Amino acid sequence: MKNQLTESLVWKSLQSHFQELKNTSLRTLFAEDNKRGEQFSIHDLGIFFDYSKHRITTETIRLLTQLAKERGLARGIQAMFSGEKINITENRAVLHTALRAPKGSVVMADGRNVVPDVHEVLEKMSDFANHIRSGRWKGFTGKPIRNIVNIGIGGSDLGPVMAYEALKFYAQHNLIFRFVSNVDGNDFAEAVRDLDPEETLFVVSSKTFTTLETMTNARTARTWLLGKLISESAVARHFVAVSTNEKEVSSFGIDTRNMFGFWDWVGGRYSMDSAIGLSTMIAIGPENFYAMLDGFHQMDEHFRTAPFERNIPVIMGLLGIWYIDFFNARTQAVLPYDNYLKRFPAYLQQLTMESNGKHVTLDGMKTDYQTGAVYWGEPGTNGQHSFYQLIHQGTSIIPCDFIGFRTSLNLLPLHQDYLMANMIAQGEALAFGKSAEEVKKEGVPDHLAPHKVFEGNRPSSAFFMEKLTPEFLGRLIAMYEHAVYTQGVIWDINPFDQMGVELGKVLAMKIIPELQDKSKPLHHDSSTNSLIEYYRG
Ligand code: F6P
C-alpha cells in the first residue's frame with residue numbers, strides 16, 4: 001500500500017510552497033528573470049514546449065519532480081512498458097505502446113512477444129486498405145467502394161474521427177468517410193442519406209462487439225444494405241469488423257477473415273493506433289499510418305528515457321497536478337490553432353476523463369485530493385469569439401494548452417500569420433493582462449476602467465511544431481496519453497478501467513422494456529417514473 005499522498009512530506013512542502021507563491025504574479029516572475037522563457041521550455045522531437053507562462057518557479061519543478069520520484073513514476077513507467085498487469089481492477093496489462101513498437105522489437109505480455117502479432121495485423125490492414133484505395137476491392141455488384149462508414153463509439157469512434165479530421169489533408173479524396181456512433185437513429189440516417197449501398201463499406205469497430213449503440217447501428221446498417229442488395233452474401237463484401245471478440249463477430253454474420261483483431265491489453269481510449277485505426281489507414285494510406293505510429297513510438301521513447309525535468313509528458317502531468325490540487329483548477333482548456341484538429345479536444349475528453357475521473361485509490365480508499373480535471377476546447381480562433389471571455393476575465397483559473405504549427409498545410413496568403421499571431425497573443429494576454437494603471441493611461445473613464453482590466457496571471461502552455469503531419473499527430477497523442485498516466489501514478493488511481501460508465505448502461509437496459517411495454521409496472525423513484533410515463537405518452 002502506498003503512503004497517503006497528502007501525508008507525504010513532499011506534498012506538505014508543495015502546500016507551503018503554494019502559499020508562498022500564490023500571490024506572485026507572472027509579471028513579477030518574468031521581470032525577475034529575463035531568461036525565464038528559455039528556462040521553462042523543452043525542445044524535443046520537433047516540439048517546442050513552452051511552459052514558462054505557468055505559475056511556477058524552479059522550486060516548484062524541483063518539488064513536483066521530487067513528488068513524481070517518490071510516488072514511483074519511474075517504476076510505473078517501467079511496469080507499463082514491460083507488460084505488467086497495472087490495470088489491476090481488470091487484471092490486464094496496458095500495452096498500447098506495443099502497438100507502435102517497431103518490427104523486430106520485443107514486448108512481452110503473458111510470456112508472449114506481442115510485436116509480431118501487432119505487425120501481422122498491420123500488414124493485413126495495409127493489404128485491405130490498399131485494395132479499397134485502388135478500387136480492387138469490389139462491392140457485391142462489382143462496383144468499387146467509394147464510401148467508408150465507421151460504426152463505433154467511445155474509443156472506437158473518437159480516435160478514428162479525430163485522426164480522419166486531423167489528417168484529411170493526406171486522405172485519398174475520391175473516398176468519402178462517415179462516422180456513426182450515437183444510438184440516436186438520426187446519426188445513422190444522416191450518415192447514409194446520400195450513399196449508395198453498392199459502393200459502401202461498413203467498418204464495425206468495437207473492442208467487445210457487444211456495445212448497444214454499435215450493435216444497433218450495425219444491424220440497422222445491414223438492413224439498409226440488404227434493402228437494396230437483397231442477398232445475405234452481400235454482407236461479406238460490405239462489412240468488416242475490428243474487434244477483440246471473434247465469437248461475437250462471427251455470430252453477427254461477419255466472416256472472421258474480414259476481421260481485424262486487437263487485444264485485451266489495448267484500452268478502448270488507447271486504441272486508435274490499433275486495428276481501430278482501419279478507417280484512418282484507408283483514408284491516409286499505410287505509409288502515412290506507419291509514419292503516425294513512428295511518431296507515437298518516438299514519444300514513447302522520450303517518456304521512457306528522458307529525465308523527468310526534460311520529459312514533456314511528465315512536466316505536463318505535473319503541471320496538471322499543481323493546478324488541480326493546489327490552485328483548485330477544475331478544468332483544462334485545449335486550444336488547437338489548427339482547424340484540422342477540431343475533434344482533438346473531444347478525443348482528449350475520453351482519454352483524460354475516462355482515465356483519471358476516479359475517486360478511489362488502487363487500494364479502494366477514497367482520495368482526499370482532487371483527481372482528473374474536465375477537459376474541453378475548440379480550435380482557435382473560433383473559441384476567442386466565444387468562451388475566451390471567461391478564461392480572461394472570469395473568476396476561475398483555467399490552464400490552457402495552445403497547440404500550433406509554423407507551417408500551414410494550405411498556404412493561403414496571410415491566414416497563417418493571423419492565426420499564429422492570435423495564438424501567441426492569447427498566451428501573452430492571459431499571463432500579463434492589463435493593469436488598472438495601464439487602462440487609465442489609455443484615457444478610459446473611471447466607471448469603465450474595472451471592466452477593462454485584465455488581471456492576467458492566467459497560466460498556459462504552448463506546443464509549437466513545424467507542420468501537422470501524421471508523425472506529429474502520433475507524437476501529440478502519445479504525449480497526452482503519457483501525461484494522463486503520469487497523473488494516474490501520482491494520484492495512485494487506475495487510469496485504465498472505466499467502471500463509472502456501467503451503472504447508467506445497466507439501468508437503461510431495465511428501462512428499455514418499460515418504454516416498450518406500457519403495462520409494465522414502474523418501481524423507480526417518483527422522478528424516474530414520471531419521465532418514463534411521459535415518454536409512454
Ligand atoms: O462505455 C465506455 C466504453 O467501454 C469505452 O471505454 C469504449 O471506448 C467504448 O465503451 C466502446 O467500447 P467497444 O469498443 O467495446 O464498443
Side-chain angles (χ1 to χ4, degrees), residues 80-85 87 92-134 136-137 145 148 150 152 155-156 159-160 163 201-209 236-237 239-252 254-301 470-471 474 477-478 481:
M80 179 172 75
F81 278 84
S82 62
E84 282 180 36
K85 295 197 171 167
N87 176 356
R92 286 179 184 163
V94 176
L95 274 177
H96 43 276
T97 50
L99 297 170
R100 49 263 193 162
K103 210 172 179 172
S105 52
V106 177
V107 180
M108 302 300 285
D110 278 329
R112 180 186 170 86
N113 178 14
V114 297
V115 179
D117 302 342
V118 166
H119 282 269
E120 191 184 313
V121 174
L122 281 170
E123 277 152 33
K124 185 172 171 185
M125 288 165 67
S126 304
D127 188 47
F128 180 72
N130 285 332
H131 270 75
I132 297 288
R133 288 163 65 82
S134 64
R136 270 178 287 151
W137 179 281
I145 297 298
I148 292 92
N150 186 76
S156 302
L201 174 81
F202 291 99
V203 179
V204 186
S205 301
S206 173
K207 180 174 172 180
T208 54
F209 231 72
R237 304 303 301 165
F239 275 80
V240 295
V242 179
S243 187
T244 57
N245 192 342
E246 201 168 319
K247 195 164 145 261
E248 288 295 332
V249 168
S250 118
S251 75
F252 179 85
I254 296 180
D255 186 341
T256 48
R257 278 174 303 178
N258 296 339
M259 169 178 162
F260 300 83
F262 61 114
W263 307 271
D264 75 352
W265 40 261
V266 183
R269 53 194 173 276
Y270 297 88
S271 67
M272 59 151 293
D273 49 343
S274 70
I276 290 290
L278 182 62
S279 59
T280 315
M281 193 194 262
I282 298 172
I284 64 173
E287 206 178 306
N288 281 320
F289 195 86
Y290 277 103
M292 182 181 81
L293 294 183
D294 192 37
F296 271 99
H297 178 67
Q298 290 164 24
M299 186 54 77
D300 294 343
E301 285 305 285
E471 201 175 358
I477 298 166
E481 286 178 348

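These numbers come from a predicted model, not from an experiment.
At most 12 heavy atoms of other shown residues, nucleotides or ligands fall within 6.0 angstrom of atom CG in Asp110. The number of heavy atoms from other shown groups lying within 6.0 Å of CD (Glu301) is above 12. Atom CZ of Arg136 has more than 12 neighbouring heavy atoms from other residues, nucleotides or ligands inside a 6.0 Å radius. Annotation: Glu246, atom CD; neighbour count of heavy atoms from other residues, nucleotides and ligands within 6.0 Å does not exceed 12.
In plain terms, the two heavy atoms of Ser271 and Ile276 that are nearest each other are O-CB, 3.3 Å. Of all non-hydrogen atoms in Met80 and Thr97, the two that sit nearest each other are CE-CG2, 4.5 Å. The minimum heavy-atom distance between Ala98 and Trp265, with the atom names listed, is CB-CZ3, 4.1 Å. Between Ser243 and Ser206, the shortest heavy-atom distance links the atoms OG-O, 2.7 Å. In this structure, Leu201 and Phe239 approach most closely via the heavy-atom pair CD1-N, 4.2 Å. Across all their heavy atoms, Ile148 and Ile132 have their closest contact at CD1-CG2, 4.2 Å.
Between the side chain of Asn245 and the main chain of Thr208, a donor-acceptor pair closer than 3.5 Å is present. The closest donor-acceptor contact from the side chain of Lys207 to the backbone of Phe262 lies at 3.5 Å or more, if one exists at all. In this structure, His96 contributes its side chain and Met272 its backbone to no donor-acceptor pair below 3.5 Å. Put simply, the side chain of Trp137 gets close to the backbone of Arg237: a donor and an acceptor are under 3.5 Å apart. When atom types are taken as modelled, the side chain of Arg92 and the backbone of Lys85 share no donor-acceptor pair closer than 3.5 angstrom. Under the 3.5 Å distance criterion, the side-chain polar atoms of Asp300 are left unmatched by any main-chain donor or acceptor of Ala478.
No side-chain heavy atom of Val114 sits less than 4.5 Å from a side-chain heavy atom of Trp263. Taking the side chain as every heavy atom from C-beta outward, Val107 and Val118 never approach each other to under 4.5 Å. Using a 4.5 Å cut-off on side-chain heavy atoms (C-beta onward), Leu95 and Tyr270 make no contact. Using a 4.5 Å cut-off on side-chain heavy atoms (C-beta onward), Leu99 and Asp273 make contact. Side-chain contact check for Phe209 versus Ile254: some heavy-atom pair is nearer than 4.5 Å. Looking at heavy atoms from C-beta onward, Val203 lies out of side-chain contact with Phe260 at the 4.5 angstrom threshold. Side-chain contact check for Met281 versus Ser126: some heavy-atom pair is nearer than 4.5 Å. Taking 4.5 Å as the limit, every side-chain heavy atom of Lys103 sits out of range of all side-chain heavy atoms of Tyr290.
Between Asn150 and Ser205, the side chains place a donor N or O and an acceptor N or O closer than 3.5 Å (distance only, hydrogens not considered).
Going from atom CD1 of Ile284 over to atom CZ of Arg133 covers 8.5 Å, rounded to the nearest 0.5 Å. Rounded to the nearest 0.5 angstrom, Leu293 CG and Glu471 CD are separated by 11.0 Å. Asn258 contributes atom CG, which lies 12.0 Å from atom OG of Ser250 (distance to the nearest 0.5 angstrom). In this structure, Leu122 CG and Glu120 CD are separated by 10.5 Å, a value rounded to the nearest 0.5 Å. Remark: Ile282 CD1 to Asn130 CG distance equals 10.0 Å, nearest 0.5 Å.
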Legend entry - Verdict with supporting geometry, His119 and Val115, side-chain contact (heavy atoms from CB on, under 4.5 Å): CA-CA 6 Å; His119 282 269; Val115 179; 3.6 Å; yes

Legend entry - Check against side-chain contact (heavy atoms from CB on, under 4.5 Å), Asp264 and Thr244: CA-CA 7 Å; Asp264 75 352; Thr244 57; 5.7 Å; no

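Using a 4.0 Å cut-off between charged side-chain N and carboxylate O, Arg100 and Glu481 make a salt bridge.
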